**Q** 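Here's a structure for you.
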Protein chains: 2
Amino acid sequence: MSDPITKAISVLREKGLRITEQRKAILEVLSKADSPISAEENHAMLVASQCDLVTVYRSLEQFVKAGVVELGVRENGTKVYCFGHGHGHHHHLTCRMCGDSERVDVCMKNELEEIARGYGYQEVTHVMEVFGVCPSCS
Amino acid sequence: MSDPITKAISVLREKGLRITEQRKAILEVLSKADSPISAEENHAMLVASQCDLVTVYRSLEQFVKAGVVELGVRENGTKVYCFGHGHGHHHHLTCRMCGDSERVDVCMKNELEEIARGYGYQEVTHVMEVFGVCPSCS
DNA sequence: CTAGCCTGTGCAAAGATTTGCATCAACAAG
DNA sequence: CTTGTTGATGCAAATCTTTGCACAGGCTAG
Ligand SMILES: [Mn+2]
Ligand SMILES: [Mn+2]
Ligand SMILES: [Zn+2]
Ligand SMILES: [Zn+2]
């Protein structure tokens, strides 16, 4: 029940999204990764599940919209995905050499929404990523 | 002298980069834009200067590395570029409908570097972008 | 369980961005 | 001004990501 996949599936169902073999496989891969991964990387790790790369791109996008998966960005712009692991919205500190990453919980959500409201903006979201070179790669 | 293009050019020279007609044209376009623009958009605004799109991509990347241009990201992952306008590092609040943007000076640079150092990371950088729907587009 | 609706999928094509390589030209030295 | 070095450019191709469309299959109603 607290298994991230099971939880994700029930949320997807609640939101009216369909549960397919492909989506289950994609979530499976995501749950095994220990750092955020890209759509291509996810697809490469799908073993028997032969699922089209396009489907991986589209499914991950859906998962983010449904709030069951968190979206990040690599320094080169590549989008990466990971489970929220119960914490929901968060950020990452990613090594630009090896891709390893640490969770960063500091966030300016409130200040940013305040500023945005000041300019009359609505439906405010934000993306933040921190990059560096990890101890192993130094 | 305080003209952003002139200033950019002298910095590029200092850093050993060459000043070409193409680069001057790209900077020119950048100085006229009132929001951050992508490489493709920059290329589309180059008028007589017939310069290859690849050159725009590569030049903008160089400008960022040299610190004369600031890099941002749109919500869909597209990289966008703008002059620092004398303020250096900063962020943007961008309308996801029309692309208009406001400058955001709030920044967690110090906290983030502190956290990163805590994990033993070096050469720390970060990207942050805020998105919403502007008053005109609501 | 079955039928039907409508989302999700695969394939193909378009679009965006990066990379490789031969040639060109900025600029420093003489 | 002439020359040589080396970074910058353009073209072509590879790579990555999105989009269009017809068909397949999950899910709900009966
Ligand atoms: Mn945040
Ligand atoms: Mn900042
Ligand atoms: Zn590393
Ligand atoms: Zn707008």
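Computed from a predicted structure; not experimentally measured. Numbers restart at 1 for each chain; the letters A, B, ... are given by sequence-line order, proteins then strands.
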**Q** Give a yes/no answer on whether the side chain of A:T55 brings an N or O atom under 4.0 Å of OP1 or OP2 in C:dG10.
**A** yes

**Q** Between C:dT9 and A:S59, is there an OP1 or OP2 to side-chain N/O distance shorter than 4.0 Å?
**A** yes

**Q** Would you indicate, yes or no, if C:dG8 has its OP1 or OP2 atom less than 4.0 angstrom from a side-chain nitrogen or oxygen of A:Q22?
**A**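 A:Q22 to C:dG8 OP1/OP2: no side-chain N or O under 4.0 Å.
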
**Q** Can you tell me the distance, in whole Å, between the CD atom of A:Q62 and the P atom of D:dT18?
**A**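 After rounding, the gap between these two atoms is 13 Å.
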
**Q** By nearest nucleotide on DNA chain D, pick out whichever of B:C51 and A:S38 is the more 5' one.
**A** B:C51

**Q** For D:dC27, does OP1 or OP2 lie under 4.0 Å from any side-chain N or O of A:R13?
**A**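 Checking A:R13 against D:dC27: at least one side-chain N or O falls below 4.0 Å of OP1 or OP2.
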
**Q** Under 4.0 Å between a side-chain N or O of A:T78 and OP1 or OP2 of D:dC16?
**A** no

**Q** Measuring to OP1 and OP2 of D:dT19, would you say a side-chain N or O of A:R58 lies under 4.0 angstrom away?
**A**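 No.
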
**Q** Verify the contact: side-chain N or O of A:Y57 to OP1 or OP2 of D:dT18, cut-off strictly under 4.0 Å; return yes or no.
**A**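 Result: no.
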
**Q** Should the ring pair B:H126 and B:H89 be called parallel, tilted or perpendicular, given that the plane angle runs from 0 to 90° and is split at 30 and 60?
**A**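 Perpendicular: the ring planes of B:H126 and B:H89 meet at over 60°.
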
**Q** If the cut-off is 4.0 Å, is B:K24 near the phosphate of D:dA8, judged by side-chain N/O to OP1 or OP2?
**A** no

**Q** In plain terms, say whether B:K32 and B:E28 are close enough for a salt bridge, that is, a side-chain N and a carboxylate O under 4.0 Å apart.
**A**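 Yes, this pair counts.
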
**Q** What about A:Y57 and A:V69, same hydrophobic cluster or not, with Ile/Leu/Val/Met/Phe/Trp/Tyr joined at side-chain heavy-atom distances under 4.5 Å?
**A**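 Looking at the clustering, A:V69 is in a separate group from A:Y57.
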
**Q** A side-chain contact here means heavy atoms from C-beta on lying under 4.5 Å apart; do A:L60 and A:I26 qualify?
**A**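 A:L60 vs A:I26: side chains touch.
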
**Q** Determine: side-chain N/O of A:R23 to OP1/OP2 of C:dG8, distance under 4.0 Å, yes or no.
**A**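 A:R23 to C:dG8 OP1/OP2: side-chain N or O found under 4.0 Å.
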
